[in-house]
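Below is one structure, written out as structure tokens, with a few remarks after it.
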Amino acid sequence: KEELESILNHFFEGQWTFGEISGSHNYRIYHPYFKNFPEKFGPEGFLTIPVSGGKFIKHFYIKILCRFINEIKEIEK
């Protein structure tokens, strides 16, 4: 969880929240690039990463996040 927050602070500073919705244990990450994929991120462009047991993040979600970080870095060059 701490490693994820470090990554989010580096690549998405000020663009993520944790547990914003009452009772949820989710990270919500915003980036304008996500709006290009409304079927995955909704019309508002949020990537949601759930936390299992309040501590663990499934590898699947980390892979998705890394893929989009790489894509964002490429288009921002």
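Residues take their numbers from the sequence shown, with the count starting at 1.
- Under the 4.5 Å side-chain heavy-atom criterion for Ile, Leu, Val, Met, Phe, Trp and Tyr, Leu65 and Tyr30 are members of distinct hydrophobic clusters.
- Rounded to the nearest 0.5 angstrom, Ile57 CD1 and Glu3 CD are separated by 8.0 Å.
- Taking CD1 from Ile29 and OG1 from Thr48, the interatomic distance works out to 7.5 Å, rounded to the nearest 0.5 Å.
- Annotation for His25 and Phe18: closest pair C-CE1, 4.0 Å, computed over non-hydrogen atoms.
- Counted within 6.0 Å of CD on Glu76, heavy atoms from surrounding residues, nucleotides or ligands total more than 12; the atom is thus considered enclosed.
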### Message
Evaluate Ile7 against Ile69 for side chain to side chain contact (heavy atoms under 4.5 Å, CB included), listing each step before the verdict.
### Response
CA-CA 10 Å; Ile7 291 168; Ile69 287 172; 3.8 Å; yes
Hey, can you pull the donor-acceptor pairs under 3.5 Å for the side chains in residues 33-43, sequence neighbours left out?
residue, atom, partner, partner atom, Å
Tyr33, OH, Glu71, OE1, 2.5
Asn36, ND2, Tyr33, O, 3.3

### Message
Using side chain to side chain contact (heavy atoms under 4.5 Å, CB included), reason through Phe11 and Lys73 one step at a time and then give a plain yes or no.
### Response
CA-CA 9 Å; Phe11 291 103; Lys73 284 171 53 178; 3.8 Å; yes
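- For the residue pair Ile49 and Tyr61, the shortest heavy atom distance occurs at CG2-CB, 3.8 Å.
- Residues Phe46 and Asn26 have side chains not in contact (no heavy-atom distance under 4.5 Å, counting atoms from C-beta outward).
- Clustering ILVMFWY residues whenever any of their side-chain heavy atoms sit less than 4.5 angstrom apart, transitively, puts Phe68 in the very cluster that holds Leu4.
- Between Glu5 and Trp16, some side-chain heavy-atom pair lies under the 4.5 Å cut-off.
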